[in-house]
Q: 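Let me begin by handing over the structure; questions about it come next.
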Amino acid sequence: MSYTTLAIALVFIVIPLLLSRTLRLGLEKDTITATIRSILQLLAVGYILKFIFDSDDVVYIILMVTLMIGAATQNVRKKGKAIGGITWKVAVTLVTVELLTQSILLGFRIVPPTAQYIISISGMIIGNSMVLSILFLNRFTAEIDAHRDETELILSLGGTPKQAIQRQLIQSIKASMIPTIESQKTIGLVQLPGMMSGQIIAGADPMQAVQFQLLIIFLLLTTAAVTSILLGLLSYRSLFNKRMQLLQEKQ
């Protein structure tokens, strides 16, 4: 694809802009901002990745993955301000998921230990973990607010914080995992995943593309489970004080 054909593809931005203006949705500014940011960010990342792939230096690989985790953490923390220490909790979750999955991939030599594979797969893992963290925190905070009286009642009857919050915690973990599980039930029938489609467009053998996509599917299932459960276990303790009392909701 040339820059000329890419410029022509901007017609796909014009369509939502026209629809937003016609229907008075008020999304024109956000759409333009998102478009400009995506162009600048992806072009910058493209040049950075080209440099890293050419050098294949482990230091640059670690720096790139660290940058991904840092950006994802900052994005997630905004959704969990009511939970004390949410920044480090999210960071620990993302780092754990990344180390676990990459250890398996590289330890069993499923993929080569090169920048091309490590950074590309890390981007999918961290990005998916970020979305799952946001889904979990949104549901968890909503569940806490909706069942505050029930939680305080269990505590007043001698229940532990874990017992008092268990129902909300389980529901939130399940809610954050369901989208990943449901999307994989129809993969290949309703949608062709991005990685598989990209490889096919690039000229790869379809069966080879399928194998790589299956690898990503398996990775995302682990990512979904570990992210939701670990973040939940790290988060719920911060909702209670040393007397095992539920903290008041932050304004």
Side-chain angles (χ1 to χ4, degrees), residues 65-66 68-104 122 124-187 216-251:
V65 172
T66 302
M68 292 177 181
I69 292 175
T73 300
Q74 289 302 312
N75 191 37
V76 175
R77 66 183 292 272
K78 302 172 186 177
K79 304 297 182 180
K81 293 181 179 179
I83 300 174
I86 189 60
T87 301
W88 74 261
K89 291 178 173 65
V90 172
V92 167
T93 300
L94 296 178
V95 170
T96 300
V97 172
E98 171 69 7
L99 289 177
L100 173 63
T101 52
Q102 288 295 346
S103 295
I104 295 173
S122 292
M124 286 183 275
I125 293 169
I126 296 169
N128 190 69
S129 187
M130 177 187 71
V131 173
L132 286 162
S133 297
I134 292 173
L135 289 174
F136 170 79
L137 291 174
N138 280 339
R139 180 60 180 266
F140 192 41
T141 52
E143 286 282 336
I144 293 168
D145 293 339
H147 299 89
R148 182 170 290 270
D149 292 341
E150 176 186 327
T151 303
E152 291 179 340
L153 176 61
I154 295 174
L155 291 171
S156 67
L157 294 174
T160 64
K162 185 177 181 180
Q163 291 171 329
I165 210 76
Q166 184 173 9
R167 179 177 176 275
Q168 295 91 306
L169 187 61
I170 294 298
Q171 290 299 321
S172 302
I173 291 173
K174 288 173 63 177
S176 61
M177 290 182 63
I178 284 174
T180 300
I181 296 172
E182 291 300 320
S183 66
Q184 293 186 5
K185 287 181 180 180
T186 57
I187 199 166
I216 299 304
I217 289 174
F218 302 154
L219 278 175
L220 295 187
L221 279 174
T222 289
T223 299
V226 175
T227 297
S228 302
I229 294 172
L230 180 56
L231 186 57
L233 294 176
L234 291 174
S235 298
Y236 87 88
R237 303 176 191 276
S238 303
L239 300 173
F240 303 89
N241 60 25
K242 294 181 179 179
R243 300 180 186 178
M244 294 192 300
Q245 297 171 322
L246 186 63
L247 297 175
Q248 293 298 314
E249 181 181 2
K250 293 184 180 180
Q251 301 296 326

Q: Provide the closest heavy-atom pair for S172 versus E143 in the form atom of the first, atom of the second, distance.
A: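 That closest heavy-atom pairing would be OG-CG, 3.8 Å.
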Q: Among R167, Q168, Q171, find the residue that satisfies the side-chain hydrogen bond (donor to acceptor under 3.5 Å, both in side chains) test when tested with H147.
A: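 When side-chain hydrogen bond (donor to acceptor under 3.5 Å, both in side chains) is applied between H147 and each of R167, Q168, Q171, only R167 qualifies.
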Q: Which heavy atom of V92 sits nearest to which heavy atom of L234, and what is that distance?
A: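 The answer is CG1-CD1, 4.1 Å.
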Q: Please confirm whether the backbone N or O of I217 pairs with a side-chain atom of Q184, one donor and one acceptor, at under 3.5 Å?
A: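 Yes: the side chain of Q184 pairs with the backbone of I217.
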Q: Return the CD1 to CG distance between I181 and L220, rounded to the nearest 0.5 Å.
A: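 Between atom CD1 of I181 and atom CG of L220 there are 12.0 Å.
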Q: Which heavy atom of S122 sits nearest to which heavy atom of E98, and what is that distance?
A: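 For S122 and E98, the tightest heavy-atom pair comes out as OG-OE2, 2.6 Å.
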Q: Nearest 0.5 angstrom please: M68 CE to T73 OG1, how far?
A: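 Here the rounded value is 13.0 Å.
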Q: Write down the atom of I83, the atom of S235, and the distance for their closest heavy-atom approach.
A: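 That would be CG2-O, 3.8 Å.
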Q: Out of curiosity, F136 CZ to T93 OG1, how far, rounded to the nearest 0.5 Å?
A: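 Between atom CZ of F136 and atom OG1 of T93 there are 9.0 Å.
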Q: Taking atom OH of Y236 and atom CD1 of I165, what is their separation to the nearest 0.5 Å?
A: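 Result: 9.5 Å between the selected atoms.
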Q: With the side chain counted from C-beta on, respond yes when R237 and P161 share a heavy-atom pair under 4.5 Å apart, and no when they do not.
A: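 Counting from C-beta outward, R237 and P161 never come under 4.5 Å.
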Q: Start with the C-alpha distance between L94 and V90, add both sets of side-chain angles, then the distance that settles side-chain contact (heavy atoms from CB on, under 4.5 Å), and finish with yes or no.
A: CA-CA 6 Å; L94 296 178; V90 172; 4.0 Å; yes
Q: So which atom in Q102 and which in I125 form the shortest heavy-atom distance, rounded to 0.1 Å?
A: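 Heavy atoms of Q102 and I125 come nearest at NE2-CD1, 4.3 Å.
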Q: May I ask you to test the L231-L137 pair for a side-chain heavy-atom distance under 4.5 Å?
A: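 Result yes, sub-4.5 Å side-chain heavy-atom pair found.
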Q: Just verifying a value: how many Å separate K81 NZ and T141 OG1, rounded to the nearest 0.5 Å?
A: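 These two atoms lie 12.5 Å from each other.
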Q: Would you mind listing every side chain to side chain donor-acceptor pair (under 3.5 Å) that reaches into residues 216-229, with sequence neighbours excluded?
A: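 Found S129-T227, S176-S228.
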Q: Please report the C-alpha distance between N75 and I134 in whole Å, then the side-chain angles of each, then the deciding distance to 0.1 Å, and finally whether the side-chain contact (heavy atoms from CB on, under 4.5 Å) criterion is met.
A: CA-CA 9 Å; N75 191 37; I134 292 173; 3.8 Å; yes
Q: Using side-chain heavy atoms (C-beta onward) and a distance below 4.5 Å, is T160 in contact with F240?
A: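 Side chain of T160 against side chain of F240, heavy atoms only: no contact under 4.5 Å found.
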Q: Checking M124 against L219 for the side-chain contact (heavy atoms from CB on, under 4.5 Å) test, could you report, in this order, the C-alpha distance in whole Å, the side-chain angles of both residues, the deciding distance, and whether it holds?
A: CA-CA 9 Å; M124 286 183 275; L219 278 175; over 6 Å; no
Q: Measuring from atom OG1 of T87 to atom CZ of R77, what distance do you get when rounded to the nearest 0.5 angstrom?
A: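 If I round to the nearest 0.5 Å, the distance is 4.0 Å.
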Q: May I ask you to test the L239-F140 pair for a side-chain heavy-atom distance under 4.5 Å?
A: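 L239 reaches F140 side chain to side chain.
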Q: What pair of heavy atoms forms the shortest contact from P179 to L135, and how long is it?
A: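 Minimum heavy-atom contact is CG-CD1, 4.2 Å.
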